[in-house]
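All remarks here apply to the structure that follows.
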Amino acid sequence: MNTDTRPMRHFARRVTIRQLEIFEAAARLGSYSRAADVLHLSQPTVSMQLKKLADMVGMPLFEHMGKRIHLTAAGRALCSTCREVFRALDGFEMTIADMQGLKQGTVHVAAVTTAEYFAPRILGQFCHLHPGVDVSLEVTNREHVLERLRANQDDLYIFGQPPRELDVEAVPFMENELVVIAARDHPLSAQRKIPLERIVREPFLLREPGSGTRSITERVFREHGLRLQVRMELGSNEAIKQAVAGGLGLSVLSRLTLPPADEALIILAVEGFPLRRHWYLVYPRGKQLSVAASAFLAFALESARETAARSGASTNQGTRPLRRH
Ligand code: PGA
């Protein structure tokens, strides 16, 4: 016999938002396993949390019919309660945002070219959350982003390497791996531990002068006393990929520029690669960020942290203080 004769009495204090989230997802998707997928949880975790929830309610929330689940009357009542709770929490979030001035405002971001593979998505999500805030994104190569930073033209700047020559705050927020790429049928594609000396015997494709990718690539080979045989300079990552795929030579690009599966390209197993770096959000030291810009900075950090958690990668930010470079 159930010793707790009035389980519902403590429901409000014992239930967690996470349990309600899991319940709402299972109810909406009609399946425990789909809820587990969407929330990036294991199915046993979902089952266990839903069992705890039903125990707290003291009544079943779902009827199981084969693989399908259906809400019981208690489940339907909890479902509408969930919606009210989430609506209230969303409302609270908006109230706070309004208090902080996020109903309006502007955020101007300038980012190096390679950041176009992730920055627009983060900005898009931010705009969605704060429709009243006007956001602009200028994408150009490192040299031009540096010029904009010197002229204090934007609120925030995204770099693959914070400028050492300027007095800035630089917040690392996402991993950035640079890899050596070749056409899939390149003779080196099957080799392991390819020495850097072997790479410089191949024709090489470089980004345009002023590119951050180019300067780090040149530096790595220079530091090893090696000279690249530059066959061609190209003004964009996409152009580089096409030329590499066309067999014109090797190149070094951020892994972010490569789709998960590319039929035409392969990452070579070169010693010392991938070069592990980070993306940084940068602003002049001492600059008072606007409410909207600070909110964007916090949002970008959180978004990167979530993406890394989903992909199992690591970020090195979190509780780290702002760093000066
Ligand atoms: P880029 O910069 O897109 O100008 O090459 C990338 C980086 O700095 O890592």
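In this chain, numbering begins with 1 at the start of the sequence shown. These numbers come from a predicted model, not from an experiment. Just so you know, ligand 1 is whichever comes first in the structure, and atom 1 is the first atom listed for that ligand.
Close approach of ligand 1 to N141 (heavy-atom distance below 4.0 Å) involves ligand atoms 4 (O). Listed by number with element, the atoms of ligand 1 under 4.0 Å from a non-hydrogen atom of G160 are 7 (C), 8 (O), 9 (O).
For ligand 1, the polar-atom distance check against S211 finds a nitrogen or oxygen pair separated by under 3.5 Å. Taking only nitrogen or oxygen atoms, main chain and side chain alike, R142 reaches within less than 3.5 Å of ligand 1. Taking distance alone, with nitrogen or oxygen atoms compared against 3.5 Å, R207 approaches ligand 1 more closely than that limit. Residue contacts with ligand 1: T114 is placed with a nitrogen or oxygen under 3.5 Å of a nitrogen or oxygen of the ligand (distance criterion only).
Heavy-atom contacts from other residues, nucleotides or ligands closer than 6.0 Å to NZ of K287 number more than 12.
Applying the ring-ring contact (aromatic ring centres under 6.0 Å, His included) test to residues at least two apart or on different chains, the pairs with a partner in residues 14-33 are F23-F62, Y32-F62, Y32-H64.
For R277, the heavy-atom gap to ligand 1 drops under 4.0 angstrom.
Of the charged side-chain nitrogens involved, at least one lies within less than 4.0 Å of a carboxylate oxygen, so that E302 and R305 count as a salt-bridged pair. A salt bridge links R214 with E218: the closest approach of a Lys/Arg side-chain nitrogen to an acidic carboxylate oxygen falls below 4.0 angstrom. Ion pairing between K241 and E238 holds under the 4.0 Å rule for side-chain N and carboxylate O.
Of all protein heavy atoms, the one lying nearest to atom 1 (P) of ligand 1 is G212 N, 3.4 Å. If you check which protein heavy atom lies closest to atom 6 (C) of ligand 1, you get T213 OG1, 3.5 Å.
Under the 4.5 Å side-chain heavy-atom criterion for Ile, Leu, Val, Met, Phe, Trp and Tyr, M48 and I22 are members of distinct hydrophobic clusters.
A donor-acceptor pair under 3.5 Å links the side-chain atoms of R142 to the main chain of Q161, judged by distance alone.
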